[in-house]
Structure formats: structure tokens, C-alpha cells
Protein chains: 2
Amino acid sequence: MTTMSAPRVTSADVARAAGVSRATVSFVLNDTEPGRVSETTRQRVRDAAARLGYVSHAAARSLRAGRSNLVLMPATQAAIGRLVSDWLDDLQQGLHRHGYTLVLHGGHDSDPVDLARSWAELRPAAVAVPGMQLTPAAVDLLRNAGVGVVLALSPEAVPGAYTVIFRHDEAGRLAVEHLAQRGRRRIAVVMPQERGLDLYAGQRLAGARQAAATHGVQITPVPLAYRLADAARLARSWHDSGWDAVFGYNDDYALLLTRALQDEGLDVPGDVAVVGADDLLVAQLARPRLTSIAFDTSSGAELAALIDRLIQQPGTEPGVLHTAAMRLVERDSS
Amino acid sequence: MTTMSAPRVTSADVARAAGVSRATVSFVLNDTEPGRVSETTRQRVRDAAARLGYVSHAAARSLRAGRSNLVLMPATQAAIGRLVSDWLDDLQQGLHRHGYTLVLHGGHDSDPVDLARSWAELRPAAVAVPGMQLTPAAVDLLRNAGVGVVLALSPEAVPGAYTVIFRHDEAGRLAVEHLAQRGRRRIAVVMPQERGLDLYAGQRLAGARQAAATHGVQITPVPLAYRLADAARLARSWHDSGWDAVFGYNDDYALLLTRALQDEGLDVPGDVAVVGADDLLVAQLARPRLTSIAFDTSSGAELAALIDRLIQQPGTEPGVLHTAAMRLVERDSS
DNA sequence: ATGAAAGCGCTAACAT
DNA sequence: ATGTTAGCGCTTTCAT
């Protein structure tokens, strides 16, 4: 069998096969203008389409329509954990019901404007983006390219965009406040070294610093790569450090470090109290069970409905739409 | 400030602003035909584009070009775990260097053909898909729609597609063989209840069954949802079951169940030996450290180069491209 | 009830 | 060195 480039089937082919015009094909397949085409023709068109294996061309459609049905998110969101991926799943289902297709854009880029440009080229109906990647110039670019809905997931209102507030600084604040109330005085804050996490980490650290100032405790940022060896290195340095607690950035890093500290002979929480964030299920599997920061966000389905509403009503003023609540879940590691 | 629909800037606008034709704009911005346009005009065009905030329209380009620069993967791949998401990151970087954009398609669909259609509508340069979602009809549809490269990640060669072999059955076989050699005789196999995992789970179970037949041990599939309560329920039923080992589907489920078994007073590996799969870092954080099945796949960068080669050489015969090796990593849980 | 035709934004072959 | 133009596949207004 030789591989031959398949002949592209277009709506014109379907029209020819069914003995009708392209207009009729479009009406039938999209079910617009109901009752305009007789049932017999409809059937003939559908048969022809099925027989020829016709698949509509999204690019042509959105070129004509002036907008696509794509909703774009950066894929880094998906990497955060199982919690987020369940939520994403929910979001995708909701969007699908409203006729949109959710795609996660794989691109990373150091420059927010370059990144925004590569999103804008796809002319999505909406983008939902961590606000830290949305500089004013990036927002301008997206709006200027005709992206109707720019939704920021951000610690603070992003000018020109709809914002769902995620106070990552609040996570750091809650963690440090809790540790301070437990009598801890010298608190390390994990700064993950993996790409894409530095922005969240910076926010969380800022909140930690703020709480530290209020409660008179000391904060030290400590870099940690998500590898056993690096955790072991950090744990070895613990003995001379005087740190009696650590905010682990999130549950994954917190658990990695917990294990390394234990292997180094330190007791958790006796010698070192540990707090994570994201409240993943693994936090409850560890020994000791990990204290964590949970965030109660709106469901994916709710967000999908919201996005649809914003797309339908282009006049809506930018502003804050919702604030995700942060909450400390106290367990045995602190 | 009122929200007004931004005036869409097209290449014609740029041409007008720069006082040149649309063709010249295209040549300059895409850097095709070097030396055709004088340096002064180039600069004028670039200035005008920047000043107007011009962003090219991917749909129009791919309509004209007959193909897009999108490479599509189902987002379910990304949800598998940190291992996979690092690999995806690597893949995306590689594809980006070759001029492609990786997007993860959020859609789920029970019908492989419907799913394939929604991919095909985007006319991607390539799709990379778990082979279990690629029925012959789905492959036909994709090829027929002009998708040049259909890459299956599958336990066996997929007719009409390029295949990278992932022997999920091999994971089950290795796990059960190992447990049998350790003297275990009644082995439970976790069947995760979360959507999208059943296909992998079925493959892993099939391999487990095969090894069980060879080694004369008994296999029992046990459903498990990724929740504490469900793991506790399963652990409670253990006492009367007679199972002396479990293959936990993957590391996440294995660790969830391990904790529940321990809470139920069972010793791992004394009473129950546990084997996971995927060899995530968390396997090494647990107590006891979890025995797991690692798969050594080609790097994301290598796969990106391969995809690029296949796109460039449309004549290449479909067939098996590579086989990911499966390997048991023995630790303390078995 | 159906068809003809314009045009979305872009690129490349063909003029000049 | 630059411009003109056809046409990618689709939808939709307007005409029949």
C-alpha cells in the first residue's frame, strides 16, 4: 500500500455529490435556518457528507466568522496537579456544552508579549491566563487582535481584563501566620526551581514576608529543585540553619522536603513544622499528614458558563468577577 | 472607559501604513525571499506593523497554506502525572524550534470517530494520540481530512498510522511476574474508576492476566476511585480476601491504597506486596519505598524531531517507529 | 425552496 | 525591487 496524499473533501464536493449548492450544504450541516431546506434534500446532503467523509475546516469557518470557537489556556496550568486537572476537565465539559473547544497552549516564553502574540494568532474566543503573564502590553495586544474575552487568574485586578482573583500571596500569609501562632520563629520558604513556577512562588513568598513582618518572625527563601538529591542537600544544610519551620511552596515540594528532613534525622513537626499548599490528596497520605492551604475556587462548569456569557455580551466592563477563597487545613505536620 | 470592539488590524492596514503592497508585507514579516525587499522598506514595514499592533491571523494563513502548524495531543496525556508533563514540556520546546505549536485538545468523547473529527477540523500538521482512541475509522477520517502525520502511542501497531509502541500490558506482566517470583499467589489488580484511564487499565490488566496464567497465580481486578474513602473501603475488604499482593495500576493509586492498607493494620510488604507504575518521584518518598514499573521512552526533543521529519517527508510508510522499554524498579514495597 | 456570489486575511505565482 | 491578483473553504445576504 502506498501512502498517497488524500484528496481534500470540501463542502463544494458534498454539494456536487448531493446535487445542491454549497449554501444548502452549509445550511443543512450547521442546522441554521431550520425549515428552509426540505427534509429529502437534507437527507441527501447528510448522506453525501458521510459517504465522502467530509470534515469541516475550522480555519475557513473562523476566517469567515471573524472568530474561532477556541478557548485557550496555557498548559502550565495543567501541570499543577491532579486537583487542577480534574477542574480543567470540568471546565472543558462545560465549554463543550456551550459550543467551544478548550485547548491548552504548550508555549512558554520569557516575554509575556511574545507569548500573548502566539495566542492572539489563533484568534480564540477567549483566553484564560495566569495574570502574572499578562502585562498591560500583553492585554492590549490580545484585545487589539480581537480576542473578545481576556480572563486573568491573578492575585489582583488586571486592567482591561476580566479577573478571577487567586491570592497566592494569601497562601503564603496564611501559612506563615499559622506557623507563627504555633511559636515558630525562623521560617524557610521553598522557592521551586522548575520553570513556570517562579511567578506563583514570588507571590507566595511576598505573602509570607508580609505575615512575617506582622508577627515578628524571620523568613528565608530557600531554592529547591524537584529532585531527591536537591532535597537531600537542602536537608543537610538544615542543622546549622536554625529554621524551625518551612512553607513548602506546595504539597509536592513540601512532601519531597519532608522525606529528606526525616531521612536526615529531623522530626516533623517536632524539629521542623511543614506546611504545603494546594491540598492535594497526597497531603493526606503522608506521615505525618501534611497541613496545607486549600483554595476554594468556583467549579469548572461555573467558569465555563461565565466565559460563555462574557463572549455573548461583548459590552461587559472588565473587572473582578470572583475571588477564590484560601483556607488553611490543619493536619499533623505543623 | 467604554469597552469598544477593537478595529482588527490586517496586513492590508500595515501595507497601507507603510506605503507598500500586501505582498511586500508578507515577504518582510515572514522573512521569505530574502534580499527581495530593500532594507529601508523592510524597516518601514516592521515599524508600521509594530505601531499598529499587527498580529497575523493563523486561520487565514493555514487556509491559504493548506495546513496549519498545530500539533495536537489529547490533554488527558498531560493529566497522567509530573513525569509526563516534564516530557511534554520537552516535546513542546522541540516542536517550537521546528516551527510548530503544540496544543493539548481538551475534548473527551466516548466515540473515537467523533473525537477524531473534532481534531481533524483543526487540520493539524500532526496528531499524537493514545492508540486505543484510534480505531481504523478514526485513522481514515484523519488521513482523509489531510492530517499528514497520525502518530499513535499504542501497545501495538495501528494500521495506517505511525506507531510508538507503549506496551501497557508489559507493565502488568512485569508486575505480576515479579510478585509471583516473590511467592505471592493471590494478586489484586487495581482498576481506576476515573475517566480516561480505563483503556490503559484494561491493557495493564491483560498483561497481568497473561503473566498470571504463565506463573499459575490468581488475578482479581478490584475497582478503586481516587478517593480516601474508597481506598478505605477496599482496604477493609482485604481481610477476607486472601490477596497477598496488589498491582496498583500506577504509583498514585498504589500509594493511596498502601496508606489505606496500613491504616487497616496490614503490613506492606509483609501482609501485602504492592507494585505501582510510572516510577514517579513520589514512589521514592513513600514508606516503604514503592516498587514500580518505569518506562524509558524517547525524549520529547527526539520525538519532536521525528514528527518534523515525518511532516516534511509525506511519503514515509506508516509503521512502528520506536518501542518504549518497560523496566521493573525494585524497592521496598514488594 | 434553492442558488449565485461576495468576501473573511493571507501567500505566492506572475507581472511590471 | 515592488505590485497585482487569484484563490484557500466557508457562511450569508440577496436574488430567483
Side-chain angles (χ1 to χ4, degrees), chain A residues 5-45 48-49 52-69 99 120-123 144-147, chain B residues 5-45 48-49 52-69 99 120-123 144-147:
Chain A
S5 63
R8 315 289 178 82
V9 178
T10 74
S11 76
D13 297 321
V14 176
R16 207 171 308 120
V20 298
S21 74
R22 274 148 69 226
T24 304
V25 172
S26 175
F27 290 136
V28 171
L29 296 184
N30 296 316
D31 224 9
T32 33
E33 318 251 342
R36 193 176 146 163
V37 182
S38 69
E39 192 49 48
T40 51
T41 350
R42 299 175 83 84
Q43 204 47 56
R44 227 168 351 118
V45 170
L52 297 176
Y54 171 70
V55 175
S56 74
H57 195 304
R61 174 188 284 116
S62 35
L63 180 56
R64 167 68 220 223
R67 61 197 167 69
S68 76
N69 74 335
E121 287 184 355
L122 295 172
R123 296 296 191 278
N144 205 40
V147 177
Chain B
S5 63
R8 315 288 176 84
V9 179
T10 75
S11 76
D13 296 322
V14 177
R16 207 170 308 118
V20 299
S21 75
R22 273 147 67 225
T24 304
V25 171
S26 176
F27 289 134
V28 171
L29 296 184
N30 297 317
D31 226 8
T32 35
E33 318 248 343
R36 191 178 146 161
V37 181
S38 71
E39 192 48 49
T40 51
T41 359
R42 299 175 83 85
Q43 203 48 56
R44 228 171 348 120
V45 170
L52 298 176
Y54 170 69
V55 175
S56 74
H57 194 304
R61 174 188 287 117
S62 34
L63 180 57
R64 167 67 222 223
R67 62 200 164 67
S68 76
N69 73 334
E121 286 185 355
L122 294 171
R123 297 293 192 277
N144 205 39
V147 177

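No hydrogens, no waters, no symmetry mates; every other heavy atom, side chains included, goes into these values.
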Taking only residues two or more places apart in sequence, or in another chain, which ones meet [X] in a side-chain hydrogen bond (donor to acceptor under 3.5 Å, both in side chains)?
X: A:Thr32; result: none
X: B:Arg64; result: none
X: A:Arg67; result: none

Value in whole Å for how far the [atom2] atom of [N] lies from [atom1] of [X]:
X: A:Leu63; N: D:dT12; atom1: CG; atom2: C1'; value: 14 Å
X: B:His57; N: D:dG9; atom1: NE2; atom2: P; value: 17 Å
X: A:Tyr54; N: D:dG9; atom1: OH; atom2: C1'; value: 7 Å

List, with names and distances, any nitrogen or oxygen atoms from the protein found under 3.5 Å away from nitrogen or oxygen atoms belonging to nucleotides 4-7 of chain D.
from  : atom 1 : to      : atom 2 : distance (Å)
D:dG7 : N2     : B:Arg64 : NH1    : 3.3

How bent is the helix from C:dA1-D:dT16 to C:dT16-D:dA1, measuring the angle between the end axes built from five pairs each, rounded to 10°?
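End axes: 40° apart.
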
Point-to-point distance, once rounded to the nearest 0.5 Å, from [atom1] of [X] to [atom2] of [Y]:
X: B:His57; Y: B:Thr10; atom1: NE2; atom2: OG1; value: 10.0 Å
X: B:Asn69; Y: A:Glu121; atom1: CG; atom2: CD; value: 8.0 Å
X: B:Glu39; Y: B:Arg44; atom1: CD; atom2: CZ; value: 11.5 Å
X: A:Arg61; Y: A:Ser26; atom1: CZ; atom2: OG; value: 8.0 Å
X: B:Ser21; Y: B:Phe27; atom1: OG; atom2: CZ; value: 8.0 Å

Categorize A:Thr41 for me: base, sugar-phosphate, or nothing, with a 4.0 angstrom heavy-atom threshold over every strand shown.
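Sugar-phosphate: the residue A:Thr41, judged by heavy atoms under 4.0 Å, touches backbone atoms but no base.
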
So A:Ser62, base contact, sugar-phosphate only, or nothing? Heavy-atom distance under 4.0 Å.
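The answer is nothing, as A:Ser62 stays clear of every strand by at least 4.0 Å.
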
Trace of the side-chain contact (heavy atoms from CB on, under 4.5 Å) decision for A:Arg42 with A:Val20:
CA-CA 10 Å; A:Arg42 299 175 83 84; A:Val20 298; over 6 Å; no

Distance-only, no hydrogens or angles: does the B:Arg123 side chain make a donor-acceptor pair with backbone N or O of B:Ser62 under 3.5 Å?
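Such a contact is absent between B:Arg123 side chain and B:Ser62 backbone.
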
Do B:Val55 and A:Asn144 have side chains that get closer than 4.5 Å, going by heavy atoms?
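A side-chain contact is absent here, since even the closest heavy-atom pair is not under 4.5 Å.
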
Distance under 4.0 Å to a non-hydrogen atom of chain B counts as contact; along DNA chain C, which nucleotides mark the start and end?
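Nucleotide range in contact with chain B: C:dG9 to C:dC14.
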
By nearest heavy atom, map B:Ala65 and A:Val25 onto DNA chain D; which one lands nearer the 5' end?
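Going by which nucleotide is closer to the 5' end, it is B:Ala65.
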
